[in-house]
Amino acid sequence: MAKLSIEQLEKSFDGQHILENLSFKVDEGEFVSILGPSGSGKSTLFHLIGGLYTPDAGNIILDGKTINGKKGSISYMPQSHALLPWRTILENVMLGGEIAGKKDTKRAQEMIEKAGLTGYEHAYPSQLSGGMKQRVSFIRSLLSPQHLICLDEPFSALDEFTRLEMQHWLLSIWEKHKRSILFVTHNIEEALYLSDRIIILSNKPASVQKEIILPFSRPRQEDIMLTEQFLQYKRDIYRALKFMN
Amino acid sequence: MKHLIQKGWRPTAVLILLFVLWELASRLFAIPVWLLPAPSDIWLEAINGWEQYNQHILSTILLSITGFTIGSSVGLLVAVALHLLPNVREAVYPLMILSQNIPIIVLAPLLVIWFGFGWLPKLIVIILVCFFPIAVSTMDGFRQTDRELMHYMKMAGATNGQIFRKVEWPQAIPSIFSGLKIAATYSVMGAVISEWLGANKGIGVYMTLASSSFRTDRVFVAIVLIMTMSLLFFGVITQLEKRTTKWKQEEDESHG
């Protein structure tokens with residue numbers, strides 16, 4: 001059974017058609033990336049799944065239940081880390097559980113250790129580097145009780161080296177704690193390296209332009225990025241995106 | 001401490017220089033004491049006149065602290081209420097700003113007419129001057145929310161109450177403290193003004209008595225007392241702020 005299915009979603013804002021007949025699925029434990037030009041409504045899609053807005057038509061179904069306009073059903077990691085500056089790292093990662101009324105200090109401590117942030121439990125976010133803040137933000141979404149994690153271009157503000165390191169780190173953590181992930185990005189390599197499946201959105205109004213199932217095995221090795229197969233996929237996607245404009 | 005010396009020696013030096021010039025000028029031109037007393041005269045009066053004014057200090061301190069406490073509590077409550085009821089805020093906020101344009105000097109005698117010469121009109125004056133800076137800075141603090149952070153909280157299923165307790169309130173604390181600092185210095189001033197109106201104790205009374213009997217040296221003693229009190233008050237609140245907002249200092253250090 002699909003973890004999340006989006007069925008014929010429609011959304012307009014101020015007469016601007018943003019999503020049109022958008023349908024796709026995310027399976028249990030699957031890593032799906034959504035790739036699209038900037039301003040193609042990726043963030044709107046997340047806000048709809050997160051229940052901030054209700055769709056004009058169509059359904060968002062999570063674990064067989066319609067969650068249109070229902071908040072608190074997914075775990076979300078925004079583009080900026082969105083950590084609370086007055087909370088320590090430990091207090092920050094427990095925020096998701098705290099909102100749902102389930103605080104688990106022991107597990108939080110374990111995850112901080114696994115994420116390579118030992119010793120920073122009682123530091124404040126301002127004392128951490130950009131990459132470390134994103135790690136904390138990701139751990140926070142992993143520790144939240146919801147099973148589907150939505151990541152909205154989490155590494156777009158990082159420099160290239162940190163970005164590569166973070167992608168690698170993300171996979172190593174995720175491969176141990178299989179969760180369904182919906183990952184929005186505009187970086188083709190990032191999508192190819194991380195995902196099981198890539199969904200390419202068209203320009204506004206956004207609908208599914210193309211879907212690509214990736215054959216790369218897990219655990220992913222970094223050197224697949226240099227293989228001919230990887231580059232071939234990259235060319236295909238590049239052309240598909242270029243073709244739209 | 002080292003930090004204090006490093007930062008404080010320049011203004012201290014300027015202050016000492018000013019005092020020296022003042023002292024020299026009063027001696028050189030033989031300015032009469034009732035017109036402008038020299039710093040040494042003021043200093044002597046401050047030491048010798050302790051018996052004269054010590055009772056007044058306590059009364060003013062008590063009045064300012066009581067007024068400040070009530071005024072800031074009211075300010076905080078009003079800010080929270082107006083924040084949670086945006087419609088009411090829109091209706092009341094402009095009136096609040098308008099109310100601040102009424103000079104307190106004009107209002108104070110009216111309060112005496114309405115409430116007599118007791119503690120009540122004096123407290124009301126202080127509450128009025130403390131209330132506004134706190135209410136305004138607190139409300140500003142509540143509204144400085146980061147959009148992504150709010151999206152995160154809402155998507156995580158946080159209720160409005162949770163958003164208020166976990167995001168809006170803690171984020172407003174630095175602003176609340178800047179309001180408190182302004183209100184603290186205002187409260188001493190408010191107390192002195194309210195004591196001018198008619199009281200039997202307080203720095204305000206001491207000051208009026210001194211000026212009406214041409215004891216200018218005592219007026220200056222009163223000024224020094226008021227400044228010291230305000231500074232002390234300010235210092236206490238700054239210390240409190242440092243303890244409650246450790247995270248903010250880390251932030252300032254890493255950006256500065």
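In what follows, chains are A, B, ... by sequence order, proteins preceding strands, each numbered from 1.
With rounding to the nearest 0.5 Å, the separation of NE2 in H81(A) from CD in E148(B) is 9.5 Å. Atoms OH and CD1, from Y152(B) and I99(A) in turn, are 5.5 Å apart once rounded to the nearest 0.5 Å. For the atom pair K246(B) NZ and T88(A) OG1, the distance stands at 12.0 Å (nearest 0.5 Å). Separating the NZ atom in K154(B) from the NE2 atom in H47(A) is a distance of 10.0 Å, to the nearest 0.5 Å.
Shown here is N101(B), whose CG atom has more than 12 heavy atoms of other residues, nucleotides or ligands within 6.0 Å. Within a 6.0 Å radius of OH in Y120(A), other residues, nucleotides and ligands contribute 12 heavy atoms or fewer. Taking a 6.0 Å sphere around CG of N160(B), one finds it holds 12 or fewer heavy atoms contributed by other residues, nucleotides or ligands.
Residues of residues 162-190 of chain B that come closer than 4.5 Å to chain A, counting heavy atoms only, are Q162(B), K166(B), V167(B), P170(B), Q171(B), ordered by residue number.
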- Item | Audit row: I49(A), M155(B), side chain to side chain contact (heavy atoms under 4.5 Å, CB included) steps and yes/no | CA-CA 9 Å; I49(A) 300 174; M155(B) 284 202 202; over 6 Å; no
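Using a 4.5 Å cut-off between heavy atoms, I74(A) touches chain B through backbone and side chain atoms alike. Residue S75(A): no heavy atom, backbone or side chain, is found under 4.5 Å from chain B.
Between chain A and the options T159(B), D146(B), L149(B), heavy-atom pairs under 4.5 Å are most frequent for L149(B).
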